[in-house]
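Within every chain, numbering begins at 1; the chains are lettered A, B, ... in the order of the sequence lines, protein sequences first and strands thereafter. These figures come from a predicted structure and were not determined experimentally.
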Amino acid sequence: MNHASYLLMNTRLEIAMPGIEKEKFEELTNSIYRNVLLIENQVSRFKPKSQISALNRGGNSSISSLNAHLAFMLMESQRFYEASQGFFNILMPRTTGLPPANFFFDEDEDEISFDHQNYFLDLGGIAKGYSIDRIVSFLVDQKIQNALINFGNSSIFAMGQNPQGTEWKIAIESSTDNFFDVKNQALTTSSTFQMQDSKKKHHLVNKDGIVNTSNRSVSLLTKTAIEGEFLAKLLLLIPSSELESWLIKFNIKKYIFF
Amino acid sequence: MYFKKSRRDFIKDISFISTGALMASLTPWLACSPAIQSSETDKPVHIAIVGTGSRGTLLLDNLLKINSVKIVALCDNYAPHLKKAVEMVKGQPVKEYTDYRKLLEDKNIQGIVIATPLYLHAQMTVDFLMAGKHVYCEKSMAMTVEDCKKMVIAQRETKRVLFVGHQRLYSSVFNKAFEIVKNCEIGAIKQVRAFWHRNNNWRRDVSDPKLERQINWRLYREFSCGLMTELASHQIHVSNWFLGQNPVSVYGSGSINFWKDGREVFDNVNLVYKYPDGTHMLYDSMISNKHYGLEEQFMGDLGTLEPEKGRMFFEKPKKSPGIVQLIQDAERGVFHVLPMASSSWIPEIESEDEERQLITPFPNSDGTYETLDAFARSVESGIQPPQILEQAYYATAWTLLGLQAMEKNEIVVWKKEYELS
């Protein structure tokens, strides 16, 4: 079983591929590493020289000047914002108490605009999912049929079959009784908090601009990883009374709250 | 269905040997500390110290804390140093000597601690071993490779114990660091960078100009090899120890470019040691800037180790439990549910604070106490711990060859006659 792991986007990217020559595997994963690093260098707001950092500082807002990865992710984020009626939003307030706001992505005018003084763009919620979709696409092009890609445990894609010839069985780390049979799908997990220094740090912002302080997590299966990232966050942010309608709207069949 | 895979595809660090068992075989000198047979208070080992200057009194201070040790004699030909050491013993009866040769015949002494200037180490050590004493000689061993070899031969012939003051061998931090290296936690080490920077002139106050060369012996080539033997030898030892190999060549450059006060030894040294597998150790030492202090940096493809500060840095994250299980399942041909999905994993080490401590809390001891304690036990048992003398010999030899490379401005390679049989 060939496997590789890298530190990217402040988390761990792991790739496992059965049934492939080691040399070929290294060639593929080296390429994957370089490309994901390129994505990170443009979409990470923690990198001062990234294009998104430049946008957050009020820099050049021409869409056509944007890196293709960044542009695509912004477009998808806009689509998710509209489809979720504002629940999913990559525009974050710089201080608490500010009303929710959106960014404007006008392809005709070739302009992206938002109030960068009071808000910043944060693609951290979908960057891993996006990167995984690019990795899967690359591996398919390279005629790879079976692989397991784990990006930070929260975004996983299982291609094809496991070495035993069955679907990949992947469980929630804290409870192996709750598992999914995954084949050519993404398994995404989202939580309202992260553990830092043994403390819970809440990071999801509600539609009203206030940090969501509930303690919940959800895992679900989707066709693409970026979609999984979007929908997992959506399910954590919507009122529980609206859950059923949103599940139907997005045809979410396999999910677990925990 | 049984899934068959070539063994070479599996991860190297899945090990069926316990860490404890592995480390015991790699650090046999630690395991060789037989318990004192007699009651510690009834029959302590009798130790004398020759050379009670700054290092000698530090060793004395440590020895006084070891219950199984009794200081029975002190020797120094500089009266103020001898007086200070006698005062430290606080009223215990100790014999005072100014000539080390008088101790050779003192049957009340079992072990000798030598902390004299470098140029005296070889002769004193050989004389004491031949007189039937066990010896702890401060590093570095001697001023020439030939003298170092004589010391080893004397130990082998007399079968007495000989320790050399490379105290990192007994330091808990360094042994933890060594364990990390041997477990390949930082991967393949292909470069070592070591340095020791201080900012002082190395001079001691001299009451009488006639005593200049005696007190400030470190500054004169007749008595000293300067920064190499006083500082570098510790770090060359650690590099050899951790890499599990000795160098094949060395070149470098040294000069006196700051402390131009009549000294004869370099005040800065810069060297490149090359090892058989192509690994390099880059070494430098200076005494006109102390910003970077002291460190040995072991750089592997998975991480970096800095044992002097007791810390390490990882460049690749540890495998997730799910991946570990997948690999194990692939080996066994039976596939289980993989416990993998969770909220985002973030590294334990933040980008602003990447270090991981080797030992918490950081120990107060640099290994000196532990080394002297081990020496006392060996004096009692008569058992020479394996490897420590050989490690000291090769470390000192390469220290001296480094100095030769700088003084002669040439690449120096190992000679057959240096080899221990």
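- Contact annotation for residues 179-188 of chain A against chain B (heavy-atom separation below 4.5 Å, listed by residue number): A:F179, A:L187.
- Residues of residues 123-135 of chain A that come closer than 4.5 Å to chain B, counting heavy atoms only, are A:K128, ordered by residue number.
- Counted within 6.0 Å of NZ on B:K274, heavy atoms from surrounding residues, nucleotides or ligands total 12 or fewer; the atom is thus considered open.
- Shown here is B:F362, whose CZ atom has more than 12 heavy atoms of other residues, nucleotides or ligands within 6.0 Å.
- A donor-acceptor pair under 3.5 Å is formed between the side chain of A:E14 and the backbone N or O of B:S320.
- Both the backbone and the side chain of A:I170 come within contact range of chain B, each with at least one heavy atom under 4.5 Å from a heavy atom of that chain.
- In this structure, chain B has heavy atoms under 4.5 Å from both the backbone and the side chain of A:T11.
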Decide yes or no on side chain to side chain contact (heavy atoms under 4.5 Å, CB included) for A:H3 and B:I327, but give the supporting numbers first. CA-CA 8 Å; A:H3 83 286; B:I327 292 160; 3.7 Å; yes
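- When the shell of 6.0 Å around OH of B:Y292 is examined, it contains 12 or fewer heavy atoms from other residues, nucleotides or ligands.
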Side chain to side chain contact (heavy atoms under 4.5 Å, CB included) between A:W168 and B:L338: does it pass, once the steps are laid out? CA-CA 8 Å; A:W168 297 88; B:L338 302 175; 4.2 Å; yes
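- Only the side chain of A:L148 comes within contact range of chain B, with at least one heavy atom under 4.5 Å from a heavy atom of that chain.
- Proximity to chain B (any heavy atom under 4.5 Å) is shown, for A:F151, by neither the backbone nor the side chain.
- Atom CH2 of residue B:W345 and atom CG of residue A:N153 lie 8.5 Å apart, to the nearest 0.5 angstrom.
- Taking a 6.0 Å sphere around CD of A:Q142, one finds it holds more than 12 heavy atoms contributed by other residues, nucleotides or ligands.
- When the candidates B:P339, B:P321, B:A341, B:S344 are compared by the number of heavy-atom contacts under 4.5 Å with chain A, B:A341 comes out ahead.
- In this structure, A:F250 places its CZ atom where more than 12 heavy-atom neighbours from other residues, nucleotides or ligands lie under 6.0 Å away.
- Closest heavy-atom contact between A:M1 and B:A330: CB-CB, 3.8 Å.
- Residue with the most contacts toward chain A among B:S342, B:S343, B:G322: B:S342 (heavy-atom pairs, distance under 4.5 Å).
- Counted within 6.0 Å of CG on A:L38, heavy atoms from surrounding residues, nucleotides or ligands total more than 12; the atom is thus considered enclosed.
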